[in-house]
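Every heavy atom of this structure was used, including side-chain atoms; hydrogens, water molecules and symmetry mates were not. Residue numbers start at 1 and run along the sequence shown.
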Amino acid sequence: MNGRLVDVDGRPALQFERTLRHPVARVWRAVTEPAELAQWFVGPVSWTPALGETFTVAGATVEITELDPPRTLAWTWGPESYRFELADAPEGCRLRFTHVFDDAHGPAAQHAAGWETYLDRLDALLAGRPISEVDAHVPVAELHERYAIAFGQDPAPGRRMIATLPFRDLTLEDGPCLRLERRYRHPVERLWRALTDEQQAWFPGDDEPLTVVRSEPPHLLVGTWYGDTLRFELTPEPDGCRLVFTHAFADRDLAARTGAGWHRCFARVDALLAGHPMDTAASLDAWPDVHERYAETWGVDPEIGRRAFAAHPANR
């Protein structure tokens with residue numbers, strides 16, 4: 001995390017600086033050429049680029065406002081503006097990226113978390129190991145929590161946006177069984193501690209604790225909860241670890257209700273790892289939207305979950 005919230009001509013802006021171990025000419029190609037941008041940037045770009053060039057993206061006009069190869073590229077998109085600045089550095093190149101944003105498109109913490117993931121994609125591209133948008137977004141929820149703390153902002157809007165990202169969803173398998181596979185940029189030991197010693201910060205409810213039936217620290221935890229079987233499996237990876245969570249249950253009609261609940265529990269895990277614990281009431285803010293999405297996707301009656309949500313103690 002190196003994004004800063006700054007003021008540019010009286011407007012809020014985000015500014016990021018990264019030192020890249022590549023010459024300026026190489027980085028310039030990566031931040032200007034459409035074929036290169038397609039491998040890391042937030043969306044496709046169809047510019048030359050040429051000073052004064054304009055085109056339309058998502059209903060708003062893009063205009064190149066400054067161009068000084070291979071040092072500076074600036075453009076506007078509707079009310080927002082963007083700027084890449086490159087400078088020589090002993091290690092290669094120093095990149096400064098500035099985004100003057102419109103609050104209508106989301107708060108600063110949300111934007112900052114997103115740009116961190118895209119700049120990570122730039123790093124990977126330059127290293128010759130391009131990564132997908134999904135892989136780059138592995139830490140987005142935790143990054144958002146950290147930026148919300150740093151900027152002193154309400155995390156709720158960003159949490160709601162992140163809850164819409166489909167690649168963070170659980171899946172429903174035959175059995176029925178809910179499954180979540182998620183990667184973390186933390187060692188297995190940190191996740192194991194969150195799953196075991198820190199359960200009170202994310203596990204659903206206090207009425208029914210997890211009854212552990214098998215524990216192989218720090219890789220496997222199996223337990224029962226309301227008669228169902230929960231399984232947490234952690235696997236080390238070069239940049240952290242992978243969690244596979246499954247919940248085997250009997251009544252498929254409860255899939256959307258239960259899946260939405262786990263979705264929000266794991267949002268609380270993200271917040272815990274960021275050092276910004278999320279309480280139950282805050283986690284439920286995005287529950288209705290997640291639940292309706294699951295009910296439609298899995299073809300189950302949404303009224304079951306709606307009634308459970310209305311009766312939840314945190315909503316009384």
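- Checking side-chain atoms of E145 against main-chain N and O of A271 turns up no donor-acceptor pair under 3.5 Å.
- With hydrogens and angles ignored, the 3.5 Å screen pairs a side-chain donor or acceptor of R264 with a backbone N or O of S283.
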Worked verdict on R293 versus D169 for salt bridge (charged side-chain N to carboxylate O under 4.0 Å, His left out): CA-CA 10 Å; R293 183 169 74 245; D169 276 346; 2.7 Å; yes
L178 vs L172, side chain to side chain contact (heavy atoms under 4.5 Å, CB included): CA-CA, chis, key distance, verdict: CA-CA 5 Å; L178 289 164; L172 179 61; 4.0 Å; yes
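- Closest approach of I149 and A274 over heavy atoms only: CD1-O, 4.0 Å.
- Residues D289 and R160 are not paired through a salt bridge, judged by the lack of any N-O separation under 4.0 Å between the basic side chain and the carboxylate.
- Contact record, V140 with A113: O-CB, 3.8 Å, taken as the closest heavy-atom pair.
- Taking every heavy atom of both residues into account, D103 and P12 meet most closely at OD2-CG, 4.4 Å.
- A ring-centre distance under 6.0 Å is found for F245 and F266.
- The shortest distance between side-chain heavy atoms of L221 and L210 falls below 4.5 Å.
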Working for side chain to side chain donor-acceptor pair (under 3.5 Å), residues Y82 and E80: CA-CA 7 Å; Y82 307 79; E80 302 196 328; 2.7 Å; yes
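- Ionic pairing of R94 and D88 is not present here: no N-O contact between side-chain nitrogen and carboxylate oxygen is shorter than 4.0 angstrom.
- Taken from CG in L234 to CD in E237, the straight-line distance is 10.5 Å, to the nearest 0.5 Å.
- Remark: side-chain polar atoms of Y147 are not paired, donor with acceptor, to backbone N or O of H111 under 3.5 angstrom.
- Between R18 and D120 a salt bridge is recorded (basic side-chain N to carboxylate O distance below 4.0 Å).
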L126 and V27: CA distance, side-chain angles, deciding distance, side chain to side chain contact (heavy atoms under 4.5 Å, CB included) verdict: CA-CA 8 Å; L126 292 169; V27 179; 4.2 Å; yes
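- Side-chain contact between L14 and L5: present, with at least one pair of heavy atoms (C-beta onward) separated by less than 4.5 Å.
- For the pair L273/L191, a side-chain contact is recorded, criterion being any heavy-atom separation below 4.5 Å from C-beta on.
- Without hydrogens or angle criteria, R252 side chain to P176 main chain gives no donor-acceptor distance under 3.5 Å.
- Between the W202 side chain and the A194 main chain, a donor and an acceptor come within less than 3.5 Å of each other.
- At a threshold of 4.0 Å, the pair R21-E91 does not count as salt-bridged, since none of the basic side-chain nitrogens sits closer than that to a carboxylate oxygen.
- Between F101 and V8, the closest side-chain pair of non-hydrogen atoms is not below 4.5 Å.
- Between atom CD of residue E85 and atom OG1 of residue T98 there is a gap of 5.5 Å, rounded to the nearest 0.5 Å.
- Atom CG in L73 sits 10.5 Å away from atom CG in D68 (nearest 0.5 Å).
- Under the 4.5 Å side-chain criterion, counting only non-hydrogen atoms from C-beta, W225 is not in contact with T211.
- Between P49 and T32, the closest heavy-atom pair is CD-O, 3.9 Å.
- The only option from R4, R83, H99 that meets the side chain to side chain contact (heavy atoms under 4.5 Å, CB included) definition with Q15 turns out to be R4.
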Worked check of salt bridge (charged side-chain N to carboxylate O under 4.0 Å, His left out) between D135 and R183: CA-CA 9 Å; D135 284 345; R183 293 168 55 216; 3.1 Å; yes
Audit row: W115, W40, ring-ring contact (aromatic ring centres under 6.0 Å, His included) steps and yes/no: CA-CA 11 Å; W115 283 124; W40 74 271; 7.7 Å; no
Full working for side chain to side chain contact (heavy atoms under 4.5 Å, CB included) between F232 and L220: CA-CA 6 Å; F232 304 82; L220 180 65; over 6 Å; no
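- Contact check on R242 versus E233 returns no salt bridge, with no Lys/Arg side-chain nitrogen under 4.0 Å from an Asp/Glu carboxylate oxygen.
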CA sep, side-chain torsions, deciding dist, call: D123, L20, side chain to side chain contact (heavy atoms under 4.5 Å, CB included): CA-CA 7 Å; D123 286 341; L20 306 169; 2.9 Å; yes
Intermediate values then yes/no, ring-ring contact (aromatic ring centres under 6.0 Å, His included), W192 and H186: CA-CA 10 Å; W192 181 262; H186 294 275; over 10 Å; no
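- A salt bridge is absent between R11 and D102; no separation between the charged side-chain nitrogens and carboxylate oxygens falls under 4.0 Å.
- E189 and R193 are not joined by a salt bridge, as no carboxylate oxygen comes within less than 4.0 angstrom of a charged side-chain nitrogen.
- To the nearest 0.5 Å, atoms CZ (R182) and CZ (F167) are separated by 9.5 Å.
- Using modelled atom types, one side-chain atom of T65 and one backbone atom of A74 make a donor-acceptor pair closer than 3.5 Å.
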Audit row: F309, W287, ring-ring contact (aromatic ring centres under 6.0 Å, His included) steps and yes/no: CA-CA 8 Å; F309 181 73; W287 189 97; 4.9 Å; yes
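- With contacts defined as side-chain heavy-atom distances shorter than 4.5 Å, the pair T235/H219 does not qualify.
- At a threshold of 4.0 Å, the pair R121-E116 does not count as salt-bridged, since none of the basic side-chain nitrogens sits closer than that to a carboxylate oxygen.
- Side chain of D301 to main chain of I304: no donor-acceptor pair is present (N/O by atom type, distance under 3.5 Å, no hydrogens or angles).
- Rounded to the nearest 0.5 Å, atoms CD (E53) and OG1 (T48) are 3.5 Å apart.
- Ion pair E303/R257 not flagged as a salt bridge, since none of the NZ, NE, NH1 or NH2 atoms sits closer than 4.0 Å to an Asp/Glu carboxylate oxygen.
- Ion pairing between E142 and R185 fails under the 4.0 Å rule for side-chain N and carboxylate O.
- Checking side-chain atoms of T258 against main-chain N and O of A255 turns up no donor-acceptor pair under 3.5 Å.
- Contact record, A141 with I162: CA-CD1, 3.8 Å, taken as the closest heavy-atom pair.
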Check against ring-ring contact (aromatic ring centres under 6.0 Å, His included), Y118 and H137: CA-CA 8 Å; Y118 288 108; H137 275 75; 5.3 Å; yes
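- Ring pair Y294/W262: centre-to-centre distance not below 6.0 Å.
- Minimum heavy-atom separation, D228 to A248: CB-O, 3.2 Å.
- Within the model, atoms CZ of F203 and SG of C265 stand 7.5 Å from one another, a figure rounded to the nearest 0.5 Å.
- Here the side chains of R179 and E181 are in contact, with some heavy-atom distance below 4.5 Å.
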Test log, rule side chain to side chain donor-acceptor pair (under 3.5 Å), inputs H144 and Q110: CA-CA 6 Å; H144 168 259; Q110 176 182 315; 5.9 Å; no
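- In this structure, N315 places its CG atom where more than 12 heavy-atom neighbours from other residues, nucleotides or ligands lie under 6.0 Å away.
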